[in-house]
Each structure stands twice: as C-alpha cells, then as structure tokens.
Amino acid sequence: MTLNKNITKPENTDRARNLSLFEFDKEEQKRSKCTLIIGTDEAGRGPATGPVFAAAVCFKTPTAQVIEQLAKLNDSKQISEKTRLELYPVIKENAVTSVVMIDETMIDRINILNATCEAMKQACMNVVREVRTTCMVLVDGNNRIRGYEFPQKTIVKGDSKSASIAAASILAKVERDNLMIKLDEEFPQYGWKTNKGYLSPRHIDAIIKYGPSKYHRKSFLRNILDRQKIEQKKLEL
C-alpha cells in the first residue's frame, strides 16, 4: 500500500482520523511483508431476520484525492445513513471489493458464527483472485476466519482503526440495509425498514401475532416461539 509522501496531516478532525486509518493499514502491510492489505467486516450477526453480509475491501494505491473523498470514513455504526450512502460509491470506485451474503436457511443450518466466517472467506477470496498477489487480511474482531489459508490478523475494534475494515463495514451494512428495506415491502408488519431485522418490541409483537416469516432465522426465535407455545397451552387449560 503506497501513500503519497506529500500528504500532510490535516487539521480537520475527520480528515485527521481518516488519514490515521490509512496509515494503520500501511503499517500492517509493512509488518506483514505482504503486497496488499484486505479488510473484512460483517453486518447482520445479531438480527433475527435475513442474511448475514460480509465485505472485503482492498485499497491498492490510495491517492491523496481518494483519501480526501473518504474524509468521513469510519466504523459504519458511528456514521449516519446519509454518510454511509455517500461513501459507498467512492469505496466501490476506488477499491477492489466483494460483498457476500449467507442466507437465513444456511445460518440456521451451520450457526451464525460459521455463516459469518464463510461469508468473510468467500469475500476475501474473491478479492485475492482479482488482485492476484499476496495479501494480509485484517479481520474485524477477535475471531479468525476458519478455513482461510492465507495470512490473516484479527483487529479488535478494527472498523475504527483500519481504513479497509471501516470501508468493508460500510459496504456490508449498506447492502444489508437495502435488502431489509426491500424485504419490508413484502412483509411490512414486522417493521424491518426501521429495525433491520433486530428484535425490537414491535418486531417481537408481530412474530407472536403473525408467526415467523420465511426470512426469519428460526434458531434465533426459539425463546419467543417456546414462550408462545407455553402461553397457548395455558389458554387451552
């Protein structure tokens, strides 16, 4: 990863933080002795509905202009939806990227941790195939990607430290949020447009009233469904 040596640390807080994110990746690349850095992150581990998404991002040679355009780059949870949507096309246009989703059926079959690892592995492999060189993968959090045979390193709170991980977190969240908004049109009673599949009070009430949809992760609803069965039995008694 090559940064322009003429870039001076900007006074603006967003820009200063942004530059530190790219500098973090540069230092990790030097330590790894790999040619490039790939950052990967997920969106959707916690919700009870829909797929989990993982993204992988590689900024091959970030220029001063790209760094300037990404001045507000940060952990996707720390920036507004408007900012995420503004940054999304800039990341796509200036990096090698891949976004992979694992659906709710597979999540129920292999569990959410394995599904997340599988999505990350596929996304990273897609980027590696495109850049065709040795890459160090920086993984957000403390769980290594199972079954990934190339160099990797876990970074706790990596989405607030690494430019590539922060960018991956934005791609994954934007694409998952867009899908949940689309699914809300099919099942508006659950409020997915606003809760994005998390178990908000309205979401739980709708599950109890209407039952789970085909997009729900059944393994995430066991407590709710078991409680509902108990309440039904009480009524029958």
Side-chain angles (χ1 to χ4, degrees), residues 1-3 14-32 34-46 52-62 66-67 69-80 83-102 113 115-128 130-131 133-146 148 150-177:
M1 177 173 292
T2 303
L3 292 180
D14 284 340
R15 295 174 183 172
R17 183 189 62 243
N18 163 266
L19 186 57
S20 74
L21 298 179
F22 281 96
E23 288 174 342
F24 181 92
D25 284 0
K26 181 181 178 182
E27 290 305 311
E28 289 296 332
Q29 182 264 322
K30 286 182 179 178
R31 278 192 285 268
S32 71
C34 291
T35 306
L36 294 172
I37 286 290
I38 296 173
T40 185
D41 200 2
E42 54 74 28
R45 279 186 65 172
V52 62
F53 280 66
V57 173
C58 176
F59 292 103
K60 295 175 71 175
T61 53
V66 170
I67 293 172
Q69 289 178 307
L70 295 172
K72 294 183 179 180
L73 186 65
N74 199 355
D75 170 10
S76 64
K77 298 182 292 296
Q78 301 301 318
I79 56 180
S80 67
T83 299
R84 289 194 297 269
L85 292 175
E86 290 172 351
L87 295 175
Y88 178 92
V90 180
I91 296 166
K92 295 285 286 185
E93 291 167 9
N94 293 284
V96 180
T97 69
S98 175
V99 181
V100 172
M101 73 173 190
I102 302 293
L113 180 58
T116 302
C117 283
E118 180 61 26
M120 284 183 166
K121 181 173 72 173
Q122 290 183 27
C124 290
M125 286 304 303
N126 289 342
V127 173
V128 168
E130 186 166 347
V131 299
T133 189
T134 56
C135 301
M136 168 60 77
V137 171
L138 303 182
V139 185
D140 184 56
N142 55 14
N143 291 312
R144 291 173 62 83
I145 303 173
R146 300 172 185 175
Y148 186 75
F150 297 98
Q152 62 175 296
K153 180 178 180 179
T154 58
I155 307 292
V156 176
K157 296 184 179 179
D159 44 12
S160 62
K161 299 174 182 176
S162 159
S164 55
I165 295 178
S169 75
I170 290 170
L171 296 192
K173 181 162 178 57
V174 167
E175 296 211 11
R176 188 178 191 281
D177 283 358

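Every residue two or more places apart in sequence or in another chain was checked for a ring pair (Phe, Tyr, Trp, His ring centres under 6.0 Å) with Phe24, and none qualifies. For the salt bridge (charged side-chain N to carboxylate O under 4.0 Å, His left out) test, residues two or more places apart in sequence or in another chain that qualify with Glu86 are Lys82. Looking at residues two or more places apart in sequence or on another chain, you find a salt bridge (charged side-chain N to carboxylate O under 4.0 Å, His left out) between Lys121 and Glu118.
The closest side-chain heavy-atom distance from Ile170 to Leu73 is below 4.5 Å. Taking 4.5 Å as the limit, some side-chain heavy atom of Lys60 sits within range of a side-chain heavy atom of Cys58. Side-chain atoms of Thr40 and Leu138, non-hydrogen and from C-beta on, never get closer than 4.5 Å to each other. With contacts defined as side-chain heavy-atom distances shorter than 4.5 Å, the pair Val96/Phe59 does not qualify. Annotation: side chain of Tyr88 is in contact with side chain of Glu175 (closest heavy-atom distance under 4.5 Å). Residues Pro151 and Val137 fail the side-chain proximity criterion, which asks for heavy atoms closer than 4.5 Å. Under the 4.5 Å side-chain criterion, counting only non-hydrogen atoms from C-beta, Leu171 is in contact with Val57. Inter-residue side-chain proximity for Phe150 and Cys135 is flagged as unmet; no heavy-atom pair is nearer than 4.5 Å.
Here the shortest heavy-atom pairing between Ala172 and Phe53 reads O-CB, 3.9 Å. Ala123 approaches Ala55 most closely through the heavy-atom pair CB-C, 4.2 Å. Contact detail for Ser160 and Leu21: the closest heavy-atom pair is O-CD2, 3.4 Å. The nearest pair of heavy atoms linking Ile79 to Lys72 is CG2-O, 3.8 Å. The two atoms that bring Met120 and Glu42 nearest to each other are CE-N, 3.9 Å, heavy atoms only. The minimum heavy-atom distance between Gly158 and Asp140, with the atom names listed, is N-OD1, 2.8 Å.
Remark: Lys77 engages Asp159 in a salt bridge, criterion side-chain N to carboxylate O under 4.0 Å. Between Glu28 and Arg31, at least one side-chain N (NZ, or NE/NH1/NH2) sits under 4.0 Å from a carboxylate O, which counts as a salt bridge.
Taken to the nearest 0.5 Å, the CG atom of Asn94 stands 10.5 Å off from the CD1 atom of Ile67. Remark: Gln29 CD to Ser164 OG distance equals 11.0 Å, nearest 0.5 Å. Taken to the nearest 0.5 Å, the CG atom of Leu87 stands 6.0 Å off from the CG atom of Leu70. Interatomic distance, Gln122 CD to Ser98 OG, rounded to the nearest 0.5 Å: 8.5 Å. The distance from atom CZ of Arg146 to atom CD of Gln152, rounded to the nearest 0.5 Å, is 11.5 Å. Residue Ser76 holds its OG atom at 6.0 Å from NZ of Lys173, rounded to the nearest 0.5 Å.
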Run the side-chain contact (heavy atoms from CB on, under 4.5 Å) check on Lys161 and Ile155 step by step: do they pass?
-> CA-CA 8 Å; Lys161 299 174 182 176; Ile155 307 292; 4.0 Å; yes
I would like to know whether Asn126 and Val100 meet side-chain contact (heavy atoms from CB on, under 4.5 Å); could you show each step before the answer?
-> CA-CA 9 Å; Asn126 289 342; Val100 172; 3.8 Å; yes
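No donor-acceptor pair under 3.5 Å is formed between the side chain of Asp41 and the backbone N or O of Ala168. No donor-acceptor pair under 3.5 Å is formed between the side chain of Arg144 and the backbone N or O of Thr154.
Side-chain atoms of Asp25 and Ser162 form a donor-acceptor pair, as typed in the model, at a separation below 3.5 Å.
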